[in-house]
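For the numbers below, each heavy atom of this structure counts, side chains included, while hydrogens, waters and symmetry mates do not. In what follows, chains carry the letters A, B, and so on, assigned in the order in which the sequence lines appear, proteins first and then strands, with residues in each chain numbered from 1. Remember, it's a predicted structure, so these values are computed and weren't measured experimentally.
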Amino acid sequence: MFNIIQRIQSLSNFYLTVSILLCIVTTVVSIISMFLDETSSIPAQLSNVVISTNLKYSRSFGSVGGRPKENSKILFDLDMDLAPLFNWNTKQLFVQLVAEYPTSVADDGAKVTYWDSIITEKKYARVHVNKQRGKYSVWDVSDSFQGRNATVKLKWNLQPYVGFLFFGQTKGEIEVAYPAT
Amino acid sequence: MHSKFRWVCVDTQFCTHHQNLSPFSYISNPSPMSFSYLEGNIDFKGQELANRITKKLITFGAIISFLVGFLSDNILYTVYTFAAFGLLTASLVIPPFSFYKKNPVTWLPKKSKIEIQH
């Protein structure tokens, strides 16, 4: 602390140390407040989930060598309120409608995303959509979805200002059968 | 100048008065060519005071800015408040104000050479 350079050094050193502590405290407090807000069990009303399939012949829809590839699309109603996820440390939310179905290549099943959305503010946290179409056309490794059941659920990913990413899913999943072609 | 004696400074961390080593002993006899006023040197009591002000003000600022952000539900206010406290502390501590120089070190008068036999 003798001359100006030393004072700048010791001041910035202590300032950065305290900022790191502030970040750690912020992370811990936001984790605690997420537990207190019971964010692991937010209800979501998924209904009227309809999965339709059709055959595609283009390479951009997964077809190889002109063989027909079955693509699936989704239509759903959704009503949920993700406002408990917006605490003071939340930057944005990423929500995605995920279907899980048994597949030949993975033991724990395939997880595919049909629809997703980014929620940036608390006033948009209430998601209420009717007859919403999925964003993505989904195909499997095998040529057909026929005879399988999908578990459709809504997963969220919380991106905070300070701290780790948090992953979770809402309560209320729904079982849908893939149609026979 | 081939003396087998030399001046030593006991407190090597704080003492910059190597009077026999440096021909530019700008602290003991400032000359127009020296830039000691840019260094902003303060005395020992002032250093302790500056240290205490830094520690207390920044710790206090961290607590206050955390509360401000938490209660206003916006973490950006935490960042702004903490930055403001950092600037306030810097403006209080970095310039060599006169209250950091109230207790100048009084050196013992030069009586004779302190002799250390090599």
Side-chain angles (χ1 to χ4, degrees), chain A residues 1-39 81-93 119-126 157-166, chain B residues 11 13-16 27 35-79 81-83 85-97 100-101 105:
Chain A
M1 284 269 178
F2 177 55
N3 60 29
I4 282 183
I5 302 291
Q6 288 174 357
R7 285 200 291 278
I8 291 173
Q9 276 189 340
S10 73
L11 173 65
S12 55
N13 181 14
F14 190 66
Y15 188 80
L16 285 174
T17 307
V18 175
S19 355
I20 291 167
L21 288 178
L22 201 54
C23 289
I24 292 171
V25 169
T26 308
T27 309
V28 170
V29 167
S30 61
I31 289 172
I32 290 172
S33 66
M34 279 180 71
F35 271 109
L36 292 180
D37 291 341
E38 294 175 350
T39 52
D81 193 6
L82 292 179
L85 285 175
F86 276 88
N87 54 30
W88 69 308
N89 196 13
T90 304
K91 187 183 178 191
Q92 61 182 13
L93 284 178
I119 303 173
T120 51
E121 283 181 50
K122 193 173 186 174
K123 58 184 174 186
Y124 305 127
R126 174 86 194 275
N157 171 20
L158 192 152
Q159 298 164 25
Y161 285 106
V162 178
F164 316 106
L165 294 175
F166 299 104
Chain B
D11 196 348
Q13 195 183 353
F14 292 108
C15 184
T16 53
I27 291 162
F35 295 97
S36 67
Y37 60 93
L38 283 180
E39 295 193 347
N41 300 336
I42 57 179
D43 60 50
F44 290 125
K45 287 276 172 60
Q47 291 174 44
E48 198 191 357
L49 179 63
N51 199 13
R52 253 189 295 144
I53 288 177
T54 308
K55 297 277 156 68
K56 285 188 177 170
L57 207 54
I58 287 183
T59 311
F60 178 70
I63 295 167
I64 289 293
S65 53
F66 177 82
L67 288 178
V68 164
F70 189 75
L71 295 178
S72 67
D73 230 18
N74 194 344
I75 203 167
L76 288 178
Y77 292 148
T78 300
V79 178
T81 316
F82 196 50
F85 267 95
L87 290 177
L88 174 71
T89 315
S91 64
L92 267 179
V93 163
I94 289 174
F97 288 120
Y100 292 134
K101 296 194 269 194
V105 177

Option that, when pairs with chain A are counted at under 4.5 Å, heavy atom only, ranks first among B/Thr54, B/Val79, B/Asp43 = B/Thr54
In terms of heavy-atom pairs under 4.5 Å with chain A, the winner among B/Gly46, B/Ala83, B/Pro95 is B/Ala83
Which bit of [X] is near chain B, if near means a heavy-atom gap under 4.5 Å: side chain, backbone, both or neither?
{"X": "A/Ser30", "result": "neither"}
{"X": "A/Ser19", "result": "both"}
{"X": "A/Tyr15", "result": "both"}
{"X": "A/Leu22", "result": "side chain"}

For B/Asp73, is it the side chain, the backbone, both, or neither that has a heavy atom closer than 4.5 Å to a heavy atom of chain A?
-> both
Below 4.5 Å from any heavy atom of chain A, which atoms of B/Thr78 appear? Answer side chain, backbone, both or neither.
-> side chain
How far does OG1 of A/Thr27 sit from CG of A/Asn89, to the nearest 0.5 angstrom?
-> 6.5 Å
Specify whether B/Phe66 and B/Phe70 have parallel, tilted or perpendicular ring planes, treating 30° as the upper limit for parallel and 60° as the lower limit for perpendicular.
-> parallel
Flag yes if more than 12 heavy atoms outside A/Phe166 fall under 6.0 Å of its CZ atom; otherwise flag no.
-> yes
Above 12 or not: heavy atoms from other molecules or residues under 6.0 Å from CZ of A/Phe14?
-> yes
State, yes or no, whether a side-chain contact exists between B/Pro96 and B/Lys101 at a heavy-atom distance under 4.5 Å.
-> yes
Heavy-atom check, side chain of A/Thr90 versus side chain of A/Leu158, under 4.5 Å = yes
